Amino acid sequence: MTPAATESLALAPARSPAAREWVMLLTRLARRRTALFGFVVVGIVLLAAAFAPLIAPFDPLAQDIGERLREPGWQDAQGRMHPLGTDHLGRDILSRIIHGSRIALLVGLAAVLISGTLGMAIGLVSGYFGGRVDDFFMRLADIQLAFPFILLAIAVIGVLGPSLQNIIIVIGVSSWVVYARVVRGEVLSIREREFVQAAIALGSRDGRILVRHVLPNAFTPWLVVATLDMARVIVIESALSFLGLGVQPPTPTWGGMLADGRVYLSTAWWLATFPGLAILVTVLGINLFGDGLRDTLDPRLNV
Amino acid sequence: MNAYLVRRLLQSILVLFGVSVVVFLILYLTGDPALLLLPPDATAEDIAKFRESMGFNDPVAVQYLRFLKGAVRGNFGESLRHGEPAMALVVERLPATFELAGAGLALALSLAIPAGIVSAVRRNTAIDYVSTVVALLGQAMPTFWLGIMLILVFSVRLGWLPSSGRGDLEHLVLPAITLGLFTTARITRLTRSGMLEVLGQDYIRTARAKGVGEPPVVWKHALRNASIPIVTIVGIELGTLLGGSVITETIFAWPGVGRLSVQAIFNRDYPVVQAAVFLLASTFVVVNFLVDIVYTYLDPRIRFH
């Protein structure tokens, strides 16, 4: 054990073993520079979303036609600065980006929660019972994967109509496969372990074994998948908004801002540039954090 | 053909059936396909007549069988907007999409495999860091933003390349980069980690100990074994490319299936949507089956699993 690791052990107050494990995990994670960077980025985006009205210098919906398409750093008549400029309706771009993080994170978290729960349940059942149940769900997974995701999403949302709720449901319901496959693989090996065999021998009911013994052990890979999947969902949400099938204006969304900016590309580059940078930085942060989490928790995991 | 491939063929056919069910159900999401297909100002009488003529009053199972019978013959009904068979419209656009996806894939493979190999062989050098950072950025960059930024720089500012349409090679450059970057990033990372794993194996040490030179060790011994996961991901990445073409074609006004289907969704032209989704999903299934055949030649162990 390295001296630093011993130190972190000493620092961790010896409460429950679980708490100590988390402290150790966080210490190890913080030692990876890229993971730490990702964590900080994600933290900043979370704080921006939580305190958007306090941080944003302007009302994201307030239009001011006299101040439209102002370049970054512009000062208006009252001497207030627009650090990232204004859009075609004179709205402050920085404020809209800060508020746009709310939709991105809300859709990301909600959709991941739905697909993660669904995938966990399917993976547990599929891996534990095997046989026909497993065959059924794995073919279902193949069918799901055969569709180009974004095309299926826009087709379904095109029929149902775009709304926050529909977007979350469509992304959530159709993203379960990666969770199910990872959890299933994990369950296949956990099932053969002695503590599970012992529980079966003692006559525990299947449901109890799954929830009490198998699920906690399949949780770690699930968490890694969920983290990385969140980045994917944020990109999909902004792609839907970009196509006009996301949360509808005037609510600020990163993808919607980009679509607006595309029209003014030749005259006002900043309209399309900054919302895209916001997506890039957020997704990069989540990916780096997720990679670190995977390397720390389960380096064998292939996601 | 051996038992493994027969089983995979049957699975693929099963998956195609599943795809047809999902495509069929798109029209039934709101519960009433007649309302979806007719303009909003249709009278109740029109709706009733339309429902009868389209057979929407029949049991759903009967309707599905009718749909399936049409689908296997490539008949998805007529486009509500263009009055032509929906399938013909989609097939007409197919070459453009294949051209774009093919260019994206070719670009990805020709950049990613060398980059991944060099990264692995020269691990922890400047060249490895650069390729890793580029790959990380490539995986985090939304397709539509990348496309817009490329247009901003190379079309609007520099005026070097056209920003829309299909024609000669010039038109293909920006869309192909836009579509291919994510796949490039993914394959670079996969090649790097695959090569690192293989280079640490005993048989590589044996080859080196026998005095085999470094180039043949890397290119013959290591790459052949590291290529197995790359072949798999090419099949899977095809899905990413076909999906990505929806966005890329929209940005660059590329006349392919992706743009057609986005337009069809906005025009509520559902027969075209169904035909496009069905065709793209089937393409994915067929290509992945072919990938599996290649796979069994590369790695004979698969056949005995």
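Here is how names work: the chains are called A, B, and so on, in the same order as the sequence lines, proteins then strands, and each is numbered from 1. Predicted model, so just to flag it, every value in this text is computed and none were measured.
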(message) Give the interface residues of residues 152-160 of chain B toward chain A, defined by a heavy-atom separation under 4.5 Å.
(response) B:Leu152, B:Val156, B:Arg157
Taking every non-hydrogen pair under 4.5 Å, which of [options] racks up the most with chain B?
| options | answer |
| --- | --- |
| A:Leu243, A:Val159, A:Thr282 | A:Val159 |
| A:Leu145, A:Ile234, A:Leu152, A:Ile236 | A:Leu145 |
| A:Leu151, A:Val156, A:Ile150, A:Val235 | A:Leu151 |
| A:Leu258, A:Val281, A:Asp135, A:Asn287 | A:Leu258 |
| A:Ala272, A:Ser266, A:Pro275 | A:Ala272 |
| A:Leu277, A:Leu160, A:Leu140, A:Thr34 | A:Leu277 |

Atom group of [X] that falls short of 4.5 Å from chain A, counting heavy atoms:
| X | answer |
| --- | --- |
| B:Leu36 | side chain |
| B:Ile251 | both |
| B:Arg186 | neither |
| B:Leu137 | both |

Kindly write out the residues that satisfy side chain to side chain contact (heavy atoms under 4.5 Å, CB included) with [X], not counting sequence neighbours, or none if the list is empty.
| X | answer |
| --- | --- |
| B:Asp269 | B:Ser79, B:Leu80, B:Arg81, B:His82, B:Ala264, B:Asn267, B:Pro271, B:Val272 |
| A:Val42 | A:Leu46, A:Ile286 |
| A:Arg70 | A:Glu67, A:Trp74, A:Thr86 |

Between [options], which residue shows the highest count of heavy-atom pairs closer than 4.5 Å to chain A?
| options | answer |
| --- | --- |
| B:Val285, B:Thr283, B:Thr250, B:Thr240 | B:Thr250 |
| B:Ile247, B:Val273, B:Val22, B:Leu242 | B:Val22 |
| B:Val246, B:Asn288, B:Ile151 | B:Val246 |
| B:Met149, B:Arg268, B:Gln274, B:Met141 | B:Met149 |

Residue pair [X] / [Y]: nearest heavy atoms and the distance that separates them:
| X | Y | value |
| --- | --- | --- |
| B:Leu136 | A:Leu284 | O-CD1, 3.7 Å |
| A:Gly290 | A:Val224 | O-CG1, 4.2 Å |
| B:Val257 | B:Glu249 | N-OE1, 3.4 Å |
| A:Arg232 | A:Asp229 | NE-OD1, 2.7 Å |
| B:Tyr64 | B:Phe17 | OH-O, 3.8 Å |
| B:Thr97 | B:Ser245 | CG2-OG, 4.0 Å |

(request) Could you tell me whether A:Arg32 and A:Asp291 have a side-chain N and a carboxylate O separated by less than 4.0 Å? (result) no
(message) Salt bridge or not between B:Asp128 and B:Arg123? Use side-chain N to carboxylate O under 4.0 Å.
(response) no
(message) Under 6.0 Å between ring centres: does that hold for A:Trp269 and A:Phe274?
(response) yes
(request) Begin with the C-alpha distance, continue with both residues' side-chain angles, and end with the deciding distance and a verdict on side-chain contact (heavy atoms from CB on, under 4.5 Å) for B:Phe278 and B:Val90. (result) CA-CA 10 Å; B:Phe278 185 77; B:Val90 177; over 6 Å; no
(request) If the plane angle is over 60° it's perpendicular, under 30° parallel, otherwise tilted; pick one for A:Phe242 and B:Phe144. (result) parallel
(request) Please state whether the side chain, the backbone, both or neither of A:Asp142 comes within less than 4.5 Å of a heavy atom of chain B. (result) both
(request) Using non-hydrogen atoms and a 4.5 Å limit, figure out which bit of A:Ala231 sits close to chain B: side chain, backbone, both or neither. (result) neither
